[in-house]
Amino acid sequence: MKSFDAIKSELASGASTCESLTREYLEAIDRAKHLNAFLSVFAEEAHGQARAVDRKIREGTAGPLAGMVVSIKDVMCVKGHRVTCGSKILEEFVAPYDATAVARLRKADAVIIGKTNMDEFAMGSSTENSAFGRVKLPGDESRVPGGSSGGSAVAVKAGMSTVSLGTDTGGSVRQPASFTGVVGLKPTYGRVSRYGLVAFASSFDQIGPLSLTARDSAAVLNVIAGHDDRDSTSATVPVPDFTAGLNKDVKGLRIGVPKEYFDDALQEEIRGAVQKKIDLLRNHGAVISEVTLPHTAYTIATYYILATAEASSNLARYDGARYGYRVKGAKSLTEMYTRSRSEGFGGEVKRRIMLGTYVLSAGYYDAYYRKGQKVRRLIKEDFDNAFLRVDCLITPTSPSTAFKAGEKMDDPLQMYLSDVYTTSANLAGIPGISIPCGTDRQGLPIGLQILGKQFDEETILRAADFLETSG
Ligand code: GLN
């Protein structure tokens with residue numbers, strides 16, 4: 001496993017080339033097939049790209065990500081390749097263009113190595129909802145790597161790509177990062193263009209990197225962030241150099257600890273591990289204070305009402321006529337629609353379409369959807385109030401470490417609760433990062449989450465980088 005910094009010095013000293021690195025990653029993918037992290041691998045194309053990058057390095061014209069090998073969650077378009085979203089309904093669908101984030105990576109000379117496995121349409125917290133089999137946690141294959149970007153987290157953890165692009169609608173970058181012991185960054189809503197990202201819940205979805213270090217995530221964000229004419233929700237705010245803000249101390253940094261995030265649901269060892277880091281920050285001059293986010297208890301309910309509402313609308317387009325899977329031998333149009341969707345979608349996706357359709361139905365719209373929107377505002381105001389007093393917040397990423405495969409599959413509510421500390425950031429549109437924070441008694445990684453103000457990824461990256469480099 002090599003961070004991008006390590007790669008850059010290898011390239012500079014001539015110890016490796018982009019092509020030799022690409023070969024190493026491809027070999028790792030081959031060796032770790034049993035983890036089921038990848039849904040497609042672009043061996044030949046990646047070699048071709050790597051050779052072109054090596055040429056540019058020799059000529060001195062290489063872009064800022066030369067030497068970085070990236071995998072992409074299979075919910076983003078990579079031109080000419082399948083984009084399955086972990087679903088049978090899109091199994092054969094080939095992307096006609098590159099997502100903006102992917103195009104920007106390419107332009108910066110990153111090599112795109114393949115697409116990673118995921119929960120179907122990014123719905124899940126364990127990557128068990130993939131139509132193509134579950135992803136296994138490296139080190140203990142009876143366990144899950146979190147989700148829905150579980151394939152991306154494992155790709156980084158097991159050295160199958162330098163970084164990976166995932167997506168986070170309610171925690172799907174941060175929670176798998178936490179379960180596997182890597183860094184996962186969810187940028188501010190609107191920071192990264194969603195063009196070419198298959199929509200789950202459009203007002204929540206954000207693309208974000210998973211990486212070995214905060215610095216690597218900052219390097220990726222530098223490239224993928226910024227306005228895009230093709231996504232009207234991508235923000236026009238200026239993009240700073242996120243790596244320039246690193247390597248700083250935390251003296252005077254005001255850090256809030258929201259008491260609602262240290263409730264009874266939290267595994268004791270996680271509480272202890274996070275507390276240790278808070279003490280470390282205090283010892284280095286950070287100003288720690290307790291804050292309250294009073295509407296925290298409503299985040300899961302609000303998220304699952306609003307996200308399913310948006311999903312039911314977004315997923316209406318998979319009707320067997322325009323995209324992907326179409327059942328054979330249907331006798332009428334209605335039968336074709338019904339059977340294509342019944343056979344194409346998996347159980348969790350159907351559950352959410354039904355829930356979302358219900359909360360949007362004329363009779364229940366006010367009771368659920370409209371109410372949900374109001375509570376979303378209150379949750380956002382909780383953060384606004386907290387950020388009047390502090391620069392960032394520290395919480396655990398997830399109430400537990402990686403759980404056993406199958407453990408929560410029959411109990412959706414338990415599965416949903418593993419996002420209890422992450423969904424709030426998506427409801428409020430703020431950035432969040434999960435970084436490794438030791439292990440529990442069984443050696444399973446613990447994740448610490450840092451939440452920041454809108455468009456202030458610099459502060460959370462600075463705190464993350466500090467914790468990472470100060471033990
Ligand atoms: N686990 C959450 C869900 O199932 C979040 C998913 C995500 O962020 N894509 O909706």
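Start at 1 and go down the list; that is how both ligands and their atoms are numbered. The shown structure was predicted, so the numbers you read here are calculated from the model rather than taken from an experiment.
Take Ser142 and apply the side-chain contact (heavy atoms from CB on, under 4.5 Å) test, not counting sequence neighbours, and it matches Asp140, Lys404. For Thr84, the side chain to side chain donor-acceptor pair (under 3.5 Å) partners two or more places apart in sequence, or in a different chain, are Asp74.
Near ligand 1, Ala122, Met123, Gly124, Ser125, Ser148, Asp168, Thr169, Gly170, Gly171, Ser172, Phe200, Tyr303, Tyr304, Arg352, Asp419 each place a heavy atom less than 4.0 angstrom from the ligand.
Among residues at least two apart or in separate chains, salt bridge (charged side-chain N to carboxylate O under 4.0 Å, His left out) pairs with a member in residues 257-273 are Glu268-Arg271, Glu269-Arg441.
Of the charged side-chain nitrogens involved, none lies within less than 4.0 Å of a carboxylate oxygen, so that Glu91 and Lys88 do not count as a salt-bridged pair. Checked for salt-bridge contact, Asp319 and Arg341 miss the test: no charged N lies under 4.0 Å from a carboxylate O.
Considering all non-hydrogen atoms of both residues, Ile112 and Gln49 come closest at N-OE1, 3.3 Å.
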